[in-house]
Amino acid sequence: MEAVAKKKYAAKDYKSDLKPIWCPGCGDYTVLNSITRALAELALPPEQVAVVSGIGCSSRIPAYTSVYGFHGVHGRALPVATGLKLARPDLTVLVTGGDGDGFSIGGNHFLHACRRNVDLTYIVMDNQVYGMTKGQASPTTAPDWEGSKLTPEGTGINPFQPLVVGLASGANFIARVSSSDPINMAKIIVEAIRHPGFSLVQVLSPCVTFRPEQAEWRDIVRTAVVDYTDDAARAARRLMTDDGFNVGKVLFKGSRPPFRPEFENSNGSVAELEARFAL
Amino acid sequence: MEAVAKKKYAAKDYKSDLKPIWCPGCGDYTVLNSITRALAELALPPEQVAVVSGIGCSSRIPAYTSVYGFHGVHGRALPVATGLKLARPDLTVLVTGGDGDGFSIGGNHFLHACRRNVDLTYIVMDNQVYGMTKGQASPTTAPDWEGSKLTPEGTGINPFQPLVVGLASGANFIARVSSSDPINMAKIIVEAIRHPGFSLVQVLSPCVTFRPEQAEWRDIVRTAVVDYTDDAARAARRLMTDDGFNVGKVLFKGSRPPFRPEFENSNGSVAELEARFAL
Amino acid sequence: MTAKSVSLVIAGSGGAGVVTAGSLLLDAAAKAGWYALMSRSSGPQIRGGEAAAMLRFATGPVMSHDDSFHLLMAIDWDNITRFSAEIPLTGNSLIVGDPAHGEAPAGLLKNSPRQAALAMTDIAGKIENGRPNMVALGAIAALIGLPAGAMQAVVEDNLKRKGQAAIEASMTAFHAGVAAAADLPAIPKLPAVAADSGPRWSITGNEATGLGVIRGGVRFVAAYPITPATEVLEWLAPSLAKVGGMLVQAEDELASINQIIGASYGGVPAMTATSGPGLSLMIESLGLAVAAEVPLVVVDVMRVGPSTGIATKSEQSDLNIAVYGLHGDAPHIVVAANSVSDCLFTTQWAVHLAEAMQVPALVLTDQAMGQARAIVPKPAELAFIGQRLTATAAVEGERYKRYAMTGSGVSPMAIPGMPGLTHTADGLEHNEFGTPSSQASDHHAQMDKRSRKLTQFNYGDHWADIEDSEVGAGDTAIITWGSSTGPAREALDRYSAAGGKARLISVRLIAPVQPEKMAAALQGMRRVLVVEQSHSGQFYRMLRAFYDLPVETRSLHQGGPLAFGPGQILEQLTAWSA
Amino acid sequence: MTAKSVSLVIAGSGGAGVVTAGSLLLDAAAKAGWYALMSRSSGPQIRGGEAAAMLRFATGPVMSHDDSFHLLMAIDWDNITRFSAEIPLTGNSLIVGDPAHGEAPAGLLKNSPRQAALAMTDIAGKIENGRPNMVALGAIAALIGLPAGAMQAVVEDNLKRKGQAAIEASMTAFHAGVAAAADLPAIPKLPAVAADSGPRWSITGNEATGLGVIRGGVRFVAAYPITPATEVLEWLAPSLAKVGGMLVQAEDELASINQIIGASYGGVPAMTATSGPGLSLMIESLGLAVAAEVPLVVVDVMRVGPSTGIATKSEQSDLNIAVYGLHGDAPHIVVAANSVSDCLFTTQWAVHLAEAMQVPALVLTDQAMGQARAIVPKPAELAFIGQRLTATAAVEGERYKRYAMTGSGVSPMAIPGMPGLTHTADGLEHNEFGTPSSQASDHHAQMDKRSRKLTQFNYGDHWADIEDSEVGAGDTAIITWGSSTGPAREALDRYSAAGGKARLISVRLIAPVQPEKMAAALQGMRRVLVVEQSHSGQFYRMLRAFYDLPVETRSLHQGGPLAFGPGQILEQLTAWSA
Ligand SMILES: Cc1ncc(C[n+]2csc(CCOP(=O)(O)OP(=O)(O)O)c2C)c(N)n1
Ligand SMILES: Cc1ncc(C[n+]2csc(CCOP(=O)(O)OP(=O)(O)O)c2C)c(N)n1
Ligand code: SF4
Ligand code: SF4
Ligand SMILES: [Mg+2]
Ligand SMILES: [Mg+2]
């Protein structure tokens, strides 16, 4: 088989025929494009890739791709992906979702996925809102946003810093990108997939319906000035002092080996196990 | 009433008659002592204090005190305490528990309690093990600890850094103490209770039964050399580079006001609400 | 041709203003003195996309949708067949479409409804700022006999801020529609309401739910948004603030249930609202509330399951999890609302029950009643205000027993702040003091106590709504619950009207079961028809488990999201007696 | 005086080596060719504290503990009355205590058992490195007829690493105990086993559970520790590693259930083990596995509920949550093991069922059987290896239907890596392709399919273990399940021995229900006694809901943690026939 030339793929080879339920102009369209573009760049056979998600507008991505998809329950995409990747290390496993799915209900799995460092790529479409349930504050929402009837005076709570917490918990690759620059996003997703261990990619992906003011993001974002560091403490300082709009670059790359339980001996038989009970 | 002298309390006034189920020598005994000592120092009437916990050896503390206690389910002490404190801002609410309860199953509530910054004091007895279930690795366990049959080759996972993650998530007060110095621990608990917002106190509290080697902690710990900072980025750098044995001091103090939803008008009547439905 | 009720649908794609049109029509009907019920349905798109507003109007309270619709007014045909199962039409029904959008799709024509054209786009195009949906409203008003004045008043209210020109544009389009209706075939008209039709409210089930818990005394709510419960919370957040309470948006359902446990332990009546997936996450901590005896209310606005299922549509399939879902033996309360306005009664009662018995009370409502808006008779004032048996002052030298054995099973509860009564509430099995115990004797005593408090409570007549045919109960009973009650009520009415005799038992108190009351209600009944909207007949199985039913018991069950039509139930009754 | 079985308890405070003594005795009994059952009980302390080892020996398989114990050997009396409810004694029982620790506490003497003294401390004190528990073992061995050679062999095995001196010290103490027993009153002896008693295993229920899933083909386990399920996991972790599988310790139960969903979706049979509180947290995602049709096995080693309850003790009260706990209509498998060794059969079968039907299978065991060790006949080899219907190669131009409608309801499953069969598995309601759909027709079709695959499957005879009295079944049936089967079996044996006729039906397949098979099993039965260890009679209610039971059906239920004695069940049978 070695002589067979590597098959060429185009982005559209990774798209399904399903029409997204997204609102016209939603940032998630470009994320879908960038993911398929990245897969084409990596020339991964579609059947060797799995995209796992929870629930939310952004979590609808799996069905819009032509790879293996799993659309689970709200907040539990990371453990599903962890089990899948550990059981099937041969697959390339991506996880897609939103800020609510990942950092609110899914926060604990986020912490432990970063820490466990299984070789996954986690792409979070951060729109600072629960889109799917029609516009409530998410963990990344600014404290004074009064757009939801659930928190009519604003949440009054400091926004969650996904990249800082991800870093503090041990994520091995951290990047922030903007849905307004799909080409660059695709490039960074390629890098994230290639990097061993747990890779976290935050995408600023506007919700045009419940956060129409996010249309401005395209003008506010700027390409981060510094290149990535491999020093977590330094990355932490940078991330804790940035305003969240430095995009387009990898911000941190660690070198921890991915988690993969290794066992002394896998050739034992069930009979040997049984023998221990025999009198 | 103003003229009445403040009643004096002794530590024992905060202890119940119940004999702890703990193993002789468990670090949690001194934590109980330090908490009661701190309450005496603050001269809080026992009925004005509540201690909330989840499940674990360390989570047994409420019943050993003479204040109001709530012993809930595994990992959910922080939300119980959040509801209690928001509903009853007049009470002093402490939360006690272990590294498993707080950082494994309870990780998401930990994140969001730090972020929400309700005026609670969270005392975590970190023994790097699940004591109650007879010795499995916890999130803070070193990756090469082979003492549990569940992870006979060690977990292979970097330990969770509670103070770094607490800081990254917005905890307003952070300290680390050792159960080998109960006097100092009591002092710091007093400070933590007095500090508004969410205060996190990590106690190195050895599990003599499943981690007998932790008996050495008493010799390894050292008093932190620097005093606390109010600069989160600086505190992060310090915490990310320390070895976990700098104890006895407050490490970070923030000045975010505690979360307390404030409403325009609380004098409305139910009749006014009903009127909106009338035709 | 006048009728007791008129049913119609307005459908079209998102931009067409279907939902606005439906709401205006409802409001106008209210002004006209009518009663009404409005449900909505929409496609999978988050925003925009196709939508349908289903309305039924009557001169008296409307409990249910009809078996079919008299009129389908289609602003356009985009994806309209997505709704065909939800819009039953007969040969007598009338489809009115706009020729500008072509022909009605075949999917709607199965039963050969009558068809007619209304050039809404054209007509509206000739009016400055005229919109097709206002033309449609005009035609509808003329067809069903809704006075133009009522619509005028509503449009004025709604467009006040937009100015006089906007009002006039709308009303011009409306009147053009009225005029055009002259060329349309007739559908039944509702008579004008002669005198005052009594004080009425316009309310949704989800709003009624929110109001019910506030009336009951709840002042702390923690919750995580989920369809179709979110509106309960969205109504509660600002409303609680007005009466000195608060709503906290939690990080997840595990947090929300535990936050309300904490608040309630602190003495403040507390609740949360969710739907099936969220309820699933609360199960462990509901057990904690049972064991630690913390009163609280959890409302489950049911949607189609299992798993994420169909988030925007209705089913009555969370009965099992609500009744049996907790691990261990964990006695608790389950009540169910049986109509839009009963959401108010039932949730208020639930707070009362939870507080009185120091137990979690689950309230089952569903998407159909939760998201429906109804014009209903003004609900009665209710005496149910949550009242806990709190401990009185400490007795010198006597240790307080949080879980004291009492005849009623209810032990006086100390609230933090009360001196001398400190104790630890515990989810571990415990003795009377609350001290953990693994003795069988303590376990049995506490288990007995926890179930005794529920079985010995006086629930009065509220356990079920029971109605007989005017001519008597006969020997046939319908037993149902929740949203299926509306169509069952109407089936009973029609059956009576045709001379039939039957009894309707709509069970509000699902758990604990009331075998004696049910036995009395079934006295003389030879036949029972159990009606519910679940695929597996959960309610029927539960009745079998706990009640003695006559041999001739039949189960009429169907999974969601389509509600029963009254005719479906009537058919069973008639077939049986035949 | 020989007997069919001998029952005894060794009790004392933690340092006294009670548990070690019990294990040595069990091993020695094994060497002697006997069968045995050993349970343990301990106080609330995490380590040390009082403990009791309850043992029953017989020359044939032991299914249950007896109604009372022949002997209580108390190394000391510390807190021993904590166990009095668990150590029923009669006037014939013998309590042997050490005078060095004073008198037996009154709590043990209710039924006036015989008493005798054995100066264990004194005797041991005279032997270098002699320990009182070995003296106790010597006395026990002499009393029950256990050959000293058997103990010699066991002590040699156990103390090999400690050297010859340690072995000799132990055996000297043992023989001193044997000698001292000459002064003790007699209790029944077991006869020596004549010939080979057949191949036997020594295994705990939790180990058997682990072995069962590995035999069934499971190679991925994710779990969060919880008493009393932890030993299943502790056995599995190193064992899986040996056969090329793995166990991952997850951050919580929400993670563990979802990790195994991921692994199973990836094609690797997967399971987790937990207890009530953990199962509660898995409920939402179990529904996902139902809707997305992902096979998996979840073992619930039940403990006393509700809530945290009594973590270290047994109850059969998670039946309700296992059967009915999921929101929506969510058909799945529930099976229950009925003995220590049946844990192996039932879990292996569960893997087979889950894989064959692409559905989650819950297995109910409990603390009593899970943590008990038994000497049992070597279990049979079983043919059940999980086998999934996987999709074959893609058909050119045909889109793969993950949820294709088939007669059996089972659709061929594509596993990631298979070209041309990519699809998205979904917990949202969907059509055959897996595309989300909110159409009633798709919902009904998928609901029918998901329940059809369970009802049409051929479960063979394994749905229940059915046994009749030797002289025939008569007209009386005991229906029971799980751990209550052991005492029910023994009750049936005793009833038969006394000339009674009855049938025992121990239900292994709890859900889906098997009405036809049950009807056949109940053919000719006029009376049914339902036996279970739950406070509210969960199993009885479930049987009523789904099966037709004779009018004369009685429910014998009691909450944990005390197991039924065979005599309690026999009493019901006898009273009934009287
Ligand atoms: C257990 C549970 N709780 C709540 C919900 C309702 N829900 C669905 S999506 C969602 C939030 C989605 O927000 P996010 O992850 O940011 O995705 P977005 O829609 O913004 O892309 C919520 C709360 C649910 N499906 N399940
Ligand atoms: C939902 C649930 N899962 C698992 C358990 C079992 N459990 C009880 S305590 C505990 C861990 C305790 O560890 P930690 O919090 O570190 O407390 P420690 O005993 O070490 O003080 C576990 C896993 C439980 N009670 N509930
Ligand atoms: S609601 Fe917001 S996030 Fe959802 S599809 Fe629309 S624009 Fe995108
Ligand atoms: S097991 Fe460890 S943590 Fe628990 S009481 Fe004993 S020493 Fe303390
Ligand atoms: Mg979002
Ligand atoms: Mg610990």
Side-chain angles (χ1 to χ4, degrees), chain B residues 16-18 21 45-53 55 60 62-88 90-91 93 108-109 111-113 115-116 259 261-270 272-274 276-279, chain C residues 30-31 199-203 207-208 211 214-215 219-220 222 239-248 250-252 254-268 270 284-285 287-288 292 375 378-379 414-428 434-436:
Chain B
S16 78
D17 296 335
L18 221 62
I21 59 161
E47 67 272 13
Q48 293 297 333
V49 180
V51 184
V52 177
S53 74
I55 300 288
R60 290 283 185 141
Y64 305 147
T65 71
S66 68
V67 304
Y68 279 91
F70 193 90
H71 189 205
V73 295
H74 192 38
R76 316 291 166 208
L78 286 169
V80 170
T82 299
L84 177 58
K85 179 70 186 180
L86 290 176
R88 292 292 307 279
D90 55 312
L91 301 175
V93 182
N108 201 31
H109 310 305
L111 282 185
H112 290 276
R115 198 167 85 73
R116 196 178 277 117
F259 174 75
E262 314 251 21
F263 297 114
E264 333 116 72
N265 166 12
S266 310
N267 302 320
S269 71
V270 178
E272 282 167 48
L273 297 179
E274 294 185 358
R276 286 187 275 155
F277 298 116
L279 287 172
Chain C
K31 295 258 187 234
R200 287 160 310 136
W201 282 15
S202 167
I203 194 164
E207 289 167 345
L211 180 60
I214 287 190
R215 270 201 189 183
R219 290 298 178 272
F220 185 90
S239 301
L240 276 167
K242 293 219 172 68
V243 295
M246 77 176 71
L247 179 143
V248 181
E251 55 270 30
D252 58 21
L254 300 158
S256 53
I257 182 80
N258 280 284
Q259 283 193 18
I260 67 171
I261 288 175
S264 178
Y265 170 74
V268 177
E284 187 198 12
S285 299
L288 169 61
I375 313 290
K378 175 180 191 294
I415 307 295
M418 295 182 171
L421 299 170
T422 58
H423 66 277
T424 292
D426 209 318
L428 281 173
T435 305

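The structure displayed is predicted, hence computed values, not measured ones.
Electrostatic pairing of B:Arg276 and C:Glu207 does not count as a salt bridge here, judged by no charged N lying under 4.0 Å from a carboxylate O. Look at B:Arg115 and C:Glu251 and you find no salt bridge, because none of the NZ, NE, NH1 or NH2 atoms lies under 4.0 Å from a carboxylate O.
Of the two parts of C:Pro379, neither the backbone nor the side chain holds a non-hydrogen atom closer than 4.5 Å to a non-hydrogen atom of chain B. For chain B, no part of C:Ala270 is nearby; none of its heavy atoms comes within less than 4.5 Å. The parts of C:Ile415 that come within reach of chain B are both its backbone and its side chain, each placing non-hydrogen atoms under 4.5 angstrom from that chain. Looking at B:Ala81, there are no atoms closer than 4.5 Å to chain C (heavy atoms on both sides), in backbone or side chain.
Note that the CG atom of C:Asp426 and the OG atom of B:Ser53 stand 8.0 Å from one another [nearest 0.5 Å]. Interatomic distance, CG of B:Leu84 versus CD1 of C:Ile260, reported as 13.5 Å (0.5 Å rounding). Note: B:Leu18 CG to C:Thr435 OG1 = 5.0 Å, rounded to the nearest 0.5 Å. For the atom pair CH2 (C:Trp201) and CG (B:Leu279), the distance works out to 10.5 Å, reported to the nearest 0.5 Å.
Using a 4.5 Å heavy-atom cutoff, the side chains of B:Arg88 and C:Pro416 are in contact. Annotation: side chain of C:Leu288 is in contact with side chain of B:Phe70 (closest heavy-atom distance under 4.5 Å). The side-chain heavy atoms of C:Leu254 and B:His109, taken from C-beta on, include a pair separated by under 4.5 Å. Residues C:Met246 and B:Leu86 have side chains in contact (heavy-atom distance under 4.5 Å, counting atoms from C-beta outward).
The two atoms that bring C:Ala255 and B:Pro79 nearest to each other are O-CB, 3.6 Å, heavy atoms only. Across C:Val243 and B:Val270, no two heavy atoms sit closer than the pair CG1-N, 4.1 Å.
Taking chain C as the reference chain and counting heavy-atom pairs below 4.5 Å, the highest number among B:Leu111, B:Leu91, B:Val49, B:Val52 is found for B:Leu91. Ranked by heavy-atom pairs shorter than 4.5 Å toward chain C, the options B:Glu274, B:His74, B:His112 are led by B:Glu274.
In this structure, B:Asp90 places its CG atom where more than 12 heavy-atom neighbours from other residues, nucleotides or ligands lie under 6.0 Å away.
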Pair B:Arg116, C:Val248 - check side chain to side chain contact (heavy atoms under 4.5 Å, CB included), show working. CA-CA 11 Å; B:Arg116 196 178 277 117; C:Val248 181; 4.2 Å; yes
Assess the residue pair B:His71 and C:Leu428 against the criterion (side chain to side chain contact (heavy atoms under 4.5 Å, CB included)); give the C-alpha distance rounded to whole Å, side-chain angles, the decisive distance to 0.1 Å, and a yes or no. CA-CA 8 Å; B:His71 189 205; C:Leu428 281 173; 3.5 Å; yes
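Without hydrogens or angle criteria, C:Tyr265 side chain to B:Gly69 main chain gives a donor-acceptor distance under 3.5 Å. Looking only at distances, no side-chain donor or acceptor of B:Arg76 sits under 3.5 Å from a matching main-chain atom of C:Asn258.
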For residues 417-425 of chain C, please give each side-chain donor-acceptor pair under 3.5 Å, one per line with the distance, not counting sequence neighbours.
{"residue": "C:Thr422", "atom": "OG1", "partner": "B:Ser66", "partner atom": "O", "Å": "2.8"}
{"residue": "C:His423", "atom": "ND1", "partner": "C:Leu421", "partner atom": "O", "Å": "3.0"}
{"residue": "C:Thr424", "atom": "OG1", "partner": "B:Pro62", "partner atom": "O", "Å": "3.4"}

